[in-house]
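All remarks here apply to the structure that follows.
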Amino acid sequence: MELSRHDKVLLSELIGDASTLIAGAFKTDILRVKNFLNKLMELVKRINEENGNIVFGFELHEKLDSDMELVAEDIMHCRQSGRECIKIDLQNNFLPISDILVADLDKISNFSADNERIFIRVEGTVIQTIINGVIRKKVDVLAPGAREPRLTKYGRSGSSYALLIKDHHKIQLPKEMEFFWNDRRKRVLIAERQTEKILQNSLFRWIEQNLIDGRVRTEVHSISQERTDIEIQTFQGEVFVIEIKWLGVNAAKTKFDEQRIKEGMDQIFVYLGRDPLATRGVLVCYDGRHEREHSTNSVIDEKSKHMKGDYYVLFLPSETASEIRR
């Protein structure tokens, strides 16, 4: 497949960007990295033409103790033996070993983050450069300007955190609320476990199932040493911090009113002030109060918000999912 002149220019720019990132991480010459990536790009094209789409990972090193130059047949042999990741260096020499066997994006990203490694992941004709767990550059060698579709029914990107939160509230919470109420007629929440923790776990599970471009963690200690309830980190390097609160009363007679919203926003202000890596901070207040109180006492002074902070006060339904459908 012959690329258009526009795509050739775009591909060269993308390879150059990836080369700059890798060269910076290794503190080596950019041209050296660019030559390596161009060789790898031609290898990916050949494998795709001869074998169709494959998924494969390269644990990248500056120099390995190897003089075996990688060819397409080596990759296919490794795949046939059940190995989807190998070690490779900037001279295109390889070792048929790696600390991980499969090239799943989450496994490579987590390993890269935990061990401060650089990976090149190939999926079909797409080459992903992963540095410390984050996809820093993505290049489709046959369609440099292509965009990826969303594949899951409720799949959302990390930057669409508001939709992840609202989808959970609309779709998932009604299915679980019968377990969260101690007395739903009086709107008293359960207190067998920490009420806030129950709601936090529910949202965390939803995001974990539907986040399409990153990973999500719970009970995270950030750079600021503050513990955050939920943290979304996209493969593009964005970080979204979510703090969970609840309003109303639980079976232990613990009670929170709109002052709790203000306290939560103050926490978000602290997180964002101390953590330079955070893209945005989000407060989610699940409101177990009666609907009239929710409607009239759920707004705070906009001046108390951080410029990178958001908040949502979400009314907890008393009805079960089946009752709502009726």
With the threshold set at 4.0 Å, does a side-chain nitrogen-carboxylate oxygen contact exist between Glu62 and Arg32?
yes
Side chains of Arg187 and Ser318 only: does a donor on one sit below 3.5 Å from an acceptor on the other?
yes
What orientation do Phe111 and Phe119 show, parallel under 30°, tilted 30 to 60°, or perpendicular over 60°?
perpendicular
Contact between Ile86 and Leu70 at the side-chain level, heavy atoms closer than 4.5 Å - yes or no?
yes
Please determine if Lys262 and Asp266 form a salt bridge, counting it only when a charged side-chain N lies under 4.0 Å from a carboxylate O.
yes
Quick one: which of Lys308, Glu243, Glu231 gives a side chain to side chain donor-acceptor pair (under 3.5 Å) with Tyr271?
Glu243
So with a 6.0 Å cut-off around NZ of Lys63, is the heavy-atom count from everything else above 12?
yes
Sidechain N-carboxylate O distance under 4.0 Å for Asp167, Arg156
yes
Is the shortest side-chain heavy-atom distance between Val313 and Ile261 below 4.5 Å?
yes
Report yes if the side chains of Leu60 and Phe26 come closer than 4.5 Å at any heavy-atom pair, otherwise no.
yes
I'd like to know if Arg117 and Glu59 make a salt bridge, using a cut-off of under 4.0 Å between side-chain N and carboxylate O.
yes
Within-4.5 Å side-chain heavy-atom neighbours: Glu238 and Ser159:
yes
Under a 3.5 Å cutoff, is there a donor and acceptor pairing between the side chains of Asp140 and Thr125?
yes
What I want to check is whether the side chains of His61 and Asp89 have a donor and an acceptor closer together than 3.5 Å.
no
Is any side-chain N of the basic residue among Glu84 and Lys107 closer than 4.0 Å to the acidic one's carboxylate O?
no
Would you indicate whether Asp65, at its atom CG, is surrounded by more than 12 heavy atoms from other residues, nucleotides or ligands within a distance under 6.0 Å?
no
Of all the heavy-atom pairs spanning Glu176 and Ser202, show the shortest one and how long it is.
OE1-OG, 2.6 Å
Report yes if some heavy atom in the side chain of Ile22 is under 4.5 Å from a heavy atom in the side chain of Ile120; otherwise report no.
yes
Between Leu173 and Phe204, is there shared hydrophobic-cluster membership here, with clusters defined by ILVMFWY side-chain heavy atoms closer than 4.5 Å?
yes
For a 4.5 angstrom cut-off between non-hydrogen side-chain atoms, does Leu247 reach Tyr286?
no
Does the side chain of Leu101 reach to within under 4.5 Å of the side chain of Cys85, using non-hydrogen atoms?
no
Just wondering, do Ile165 and Leu314 contact through their side chains at under 4.5 Å, heavy atoms?
yes
Is Arg280 atom CZ crowded by more than 12 heavy atoms from other residues, nucleotides or ligands, each under 6.0 Å away?
yes
Please determine whether residues Ile244 and Phe269 belong to a single hydrophobic cluster, defined as Ile, Leu, Val, Met, Phe, Trp and Tyr linked transitively by side-chain heavy-atom distances below 4.5 Å.
no
Would you say the side-chain atoms of Ser160 and Ser157 include a donor-acceptor pair closer than 3.5 Å?
yes
Between Gln172 and Arg205: side-chain donor-acceptor atoms closer than 3.5 Å
no
Is Arg289 salt-bridged to Glu258, cutoff N-O under 4.0 Å?
yes
Between Glu50 and Arg46, does at least one N-O distance fall below 4.0 Å, as a salt bridge requires?
yes
Between Tyr154 and Trp206, how do the two ring planes meet: parallel, tilted or perpendicular, split at 30° and 60°?
tilted
Do Val134 and Val33 share a hydrophobic cluster, counting only Ile, Leu, Val, Met, Phe, Trp and Tyr and linking them when any side-chain heavy atoms are less than 4.5 Å apart?
no
